[in-house]
Amino acid sequence: MIHHCERGRATLAAVQMTPDGGAIYQSWQICGCVLAGLHETLGAPRHEAVATAEQVDATGHAVMAAGGGIHLERPE
């Protein structure tokens, strides 16, 4: 993880849709100071969600309880 200032951690995530309808999910831990440059380069996000830590945990627990091939993990 690149982390070199007081702006905290951020997660950069990408989803690649495959020709067969599947998806490849990837994410990287980066320093929060990189986000301003990414916003400037990429423009406004297509999708954005804001959640509290409790909401993130509840969503993760719901996904895990439903089963399937998706596994979300929140580093401590």
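The model shown is predicted, which means the values in this text are computed figures rather than measured ones. Throughout, residue positions are numbered sequentially from 1 according to the sequence presented.
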Q) Looking at side-chain heavy atoms only, is the closest gap between Thr52 and Gln55 below 4.5 Å? A) yes
What residues, two or more places apart in sequence or in another chain, satisfy side-chain contact (heavy atoms from CB on, under 4.5 Å) together with [X]?
| X | result |
| --- | --- |
| Glu40 | none |
| Leu38 | Leu12, Ile30, Val34, Leu35, Leu42 |
| Val15 | Met17, Ala23, Tyr25 |
| Ala13 | Ser27 |

**Q.** side-chain hydrogen bond (donor to acceptor under 3.5 Å, both in side chains) partners for Thr11, two or more places apart
**A.**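 Partners of Thr11 by the side-chain hydrogen bond (donor to acceptor under 3.5 Å, both in side chains) criterion, ordered by chain and then number, come out as Gln29.
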Q | Check: Pro45 main-chain N/O paired with Glu48 side-chain donor or acceptor under 3.5 Å | A |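 Between the backbone of Pro45 and the side chain of Glu48 there is no qualifying donor-acceptor contact (under 3.5 Å).
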Q: Give every residue pair that meets the side-chain hydrogen bond (donor to acceptor under 3.5 Å, both in side chains) criterion with at least one member in residues 14-24, sequence neighbours excluded.
A: Thr18-Asp20
